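As the structure is a prediction and not an experimental result, all values here were calculated from the model. Side chains included, hydrogens not; waters and symmetry mates left out as well; all remaining heavy atoms used. By convention in this document, chain letters (A, B, ...) are assigned in the order of the sequence lines, proteins followed by strands, and residues within each chain are numbered from 1.
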Amino acid sequence: MVNIIPFFVIIPLGTAFLISLLGKYVRHFAGIAISLSSAVVLALSISCAVYLSSTADKILVYKIGGWVPPFGISLVLDGLSIFMLVMVSLVSFFVAVYSLSYMERYTDKPKFFTLFSLMVCGMNGIIITGDLFNLFVFLEIASIASYALVAFGTEAEELEASFKYAIMGSVASCFIFIGIAFLYGFTSTLNMADIARVLSVKHSSYVLPFVGTLFLMGFGLKAALVPFHAWLADAHPSAPASISAMLSGILIKTLGVYALIRVFFSIIGSTQAYLSVLMFLGTASLLVAVILALSQWDLKRLLAYHSISQIGYVVLGIGLGTPLGILGGLFHLFNHSIFKSLLFLNSGAIDYCLGTRDLKETSGLAKIMPVTAKTNLIASMSIAGIPPFNGFFSKLIIIFACIQSGHLGYGLCAVIGSILTLASFMKVQKYAFLGRLKDKFKNIKEVPAAMRLSMLALAFICVFGGIMLLMPFRVFLDDAVQAVLRGTHYSSVVFEAVGK
Amino acid sequence: MSLYLLCLLLFCVGFYGILRKRNLVKMIIGLGIMEYSMNLFFVLLGYRMQGRSPIEAMDQNVLNMVDPLPQALVLTSIIIGLGVTALVISIAIRIYDKYGTFDITKINKLRG
């Protein structure tokens, strides 16, 4: 089973290579290859998850080229990695199916799918790698692919957004790189487990806070936490809708939140100071962004601000540092990836049919686009936290965790944020789907079958997402929470698994 | 020590270019300078005073080797920097086609 770990990188990378090579000459090759490869990755990740939950120590380590860590690069699959991996492959599979029809309006589908596949490769690499510099390389692969994908339409706004995103993303990468350089200078190793081991015996009062700040700036910028959020509201709406779904759904979580958790919990070790900063940034994000979202009329821009706000919930939950808080944070991470990608796919469907996504132009779409309207209603209720949809449970857990650990103020902020989210999605429902249908939209048909299929599947997961808290599925979440709570014991667990 | 401070100075020059310059091309140059400074910093970390190249020979005992790992990593990082720069420049050229200017204050179709 260990030997299939590198395939999470190899399959998307190989697909990208083949599509760029053959996509131009063989008709439909790109579409078939991308859906096949993402289906295979999804199947592999689920089978890995099932296998991992049955093992005793819940960790698999693959040694590239047979070099034993700390000398070689190792790929580590623990509870948290497999949780993220399943999430990424689930969303990317449905988005790939959706893109088959959606991308008809753009020229050059093969290039799109090449970049898409590279982005998935980068994200999978970040999740499974056990080496800090390797993480940086995969981070850059995913980032560069996403800069190019934001500019894919090559209209004026898209290029502007992409330029802004590329510059800010590169600055963030610089900070991350300098952080890695300092850590390497201090510990003389790049293997994450080995860094954690060295840091546990070698203390320094000034290197670690400095490195922590650099990583917080870098990964915080990638995750679009509030003081660093300016690029997201431009970049995410400008991309094609399926890419917005990928960016908001999984990219900011993998590049930002997952990397933050890995660095702060597993390598540096979480102290109360870091946790307080994370809680504060999370609360600031969830309040500021939702207030900005209320005044938006562009549907995708509104959704992009909500991404910042929901990431705030995730970071707040994880920053609490209690088992319940981390459970809520990770569960919200999963739920948000599902309903936010669904919402962006809905906005893409509206854009596909009407050619506009301005909420002042649309009304009464429920009559002509029943599938989009119903799935959008489900996703809106999920994000606003209405029972029994999945978003309700994760927000409830986060709020309970706030109260349990005595942070009543943060809990109150989370409740207010949730109410404002509900308000802004009522606006979406009212202006887009309810009301009287305009005459010029009378003859519009519902979107093609591939787009409907992936929207329906994601809506299905939204409705039954709460089931993850029940017993047979609960193991999946609990393993992820255990992996986070393990903290810097990560190193001893990895070395034990290597020794076997 | 002075070498590290010069490295920091170079980083600040690049950062200033990104933050304060209004011309897209100058911003890209600033980004390039920033990337060079951090590559330089990483290579400096591996340098030893009077060190020699890290090549192991059969009948020699090499005592004062420079650390070869940062050099390998910086090579990767330079290539990543090249990729980013190429992409950003091509976007800047496209922006010039659409807007007819490199001035960042005049490129403002996105608001809100």
Heavy-atom count around R357(A) CZ within 6.0 Å, excluding the residue itself: above 12?
yes
Going by heavy atoms in the side chains, are T76(B) and F133(A) under 4.5 Å from each other?
yes
Mind checking the CD1-NZ spacing from I107(B) to K164(A)? Nearest 0.5 Å is all I need.
10.5 Å
When the 4.5 angstrom heavy-atom criterion is applied to F177(A) and chain B, the contacting part is side chain
Proximity breakdown for I18(B) and chain A, heavy-atom pairs closer than 4.5 Å:
side chain
With rounding to the nearest 0.5 angstrom, report the OG to CD distance, S170(A) to E35(B).
6.0 Å
Kindly check if the number of other-residue, nucleotide or ligand heavy atoms within 6.0 Å of NZ (K427(A)) is above 12?
yes
Exceeds 12 heavy-atom contacts within 6.0 angstrom, atom OH of Y4(B):
yes
What part of L87(B) lies closer than 4.5 angstrom to a heavy atom of chain A: side chain, backbone, both or neither?
side chain
What residue, out of G185(A), A161(A), A156(A), P237(A), has the most heavy-atom pairs lying under 4.5 Å from chain B?
A156(A)
How far apart are the closest heavy atoms of M27(B) and I167(A), and which atoms are they?
CE-CG2, 4.3 Å
Do you know the tightest heavy-atom contact between A181(A) and L45(B)?
O-CD1, 3.1 Å
Turns out that what part of F186(A) lies under 4.5 Å from chain B's heavy atoms comes down to neither
Is the count of non-hydrogen atoms from other residues, nucleotides or ligands lying under 6.0 Å from F17(A) atom CZ greater than 12?
no
Is it the case that over 12 heavy atoms from other parts of the model lie below 6.0 angstrom from the NZ atom of K106(B)?
no
Considering only heavy atoms from C-beta outward, does the side chain of D67(B) approach that of Y184(A) to under 4.5 Å?
yes
Between I144(A), I141(A), D298(A), L292(A), which shows the greatest number of heavy-atom pairs under 4.5 Å with chain B?
I144(A)
When rounded to the nearest 0.5 angstrom, what is the spacing between CD1 in I95(B) and CD in E158(A)?
11.5 Å
Side chain to side chain, F136(A) and I80(B), heavy atoms closer than 4.5 Å
yes
Spacing of CD belonging to E160(A) relative to CG belonging to L24(B), to within rounding of 0.5 Å
9.5 Å
With a 4.5 angstrom heavy-atom cut-off, which part of S238(A) approaches chain B: side chain, backbone, both or neither?
side chain
Working to the nearest 0.5 Å, report the span between SG of C7(B) and CD1 of I178(A).
8.5 Å
Can you list the steps and then say if L190(A) with L73(B) is a side-chain contact (heavy atoms from CB on, under 4.5 Å)?
CA-CA 11 Å; L190(A) 282 169; L73(B) 300 182; 3.2 Å; yes
Kindly indicate whether the side chain of D97(B), heavy atoms from C-beta on, has any atom under 4.5 Å from the side chain of L159(A).
no
For K26(B), look at atom NZ and say whether over 12 heavy atoms of other residues, nucleotides or ligands are found less than 6.0 Å away.
no
Roughly how far, to the nearest 0.5 Å, is the CZ atom of F175(A) from the CE atom of M38(B)?
11.0 Å
Would you call the rings of F41(B) and F182(A) parallel, tilted or perpendicular if under 30° counts as parallel and over 60° as perpendicular?
tilted
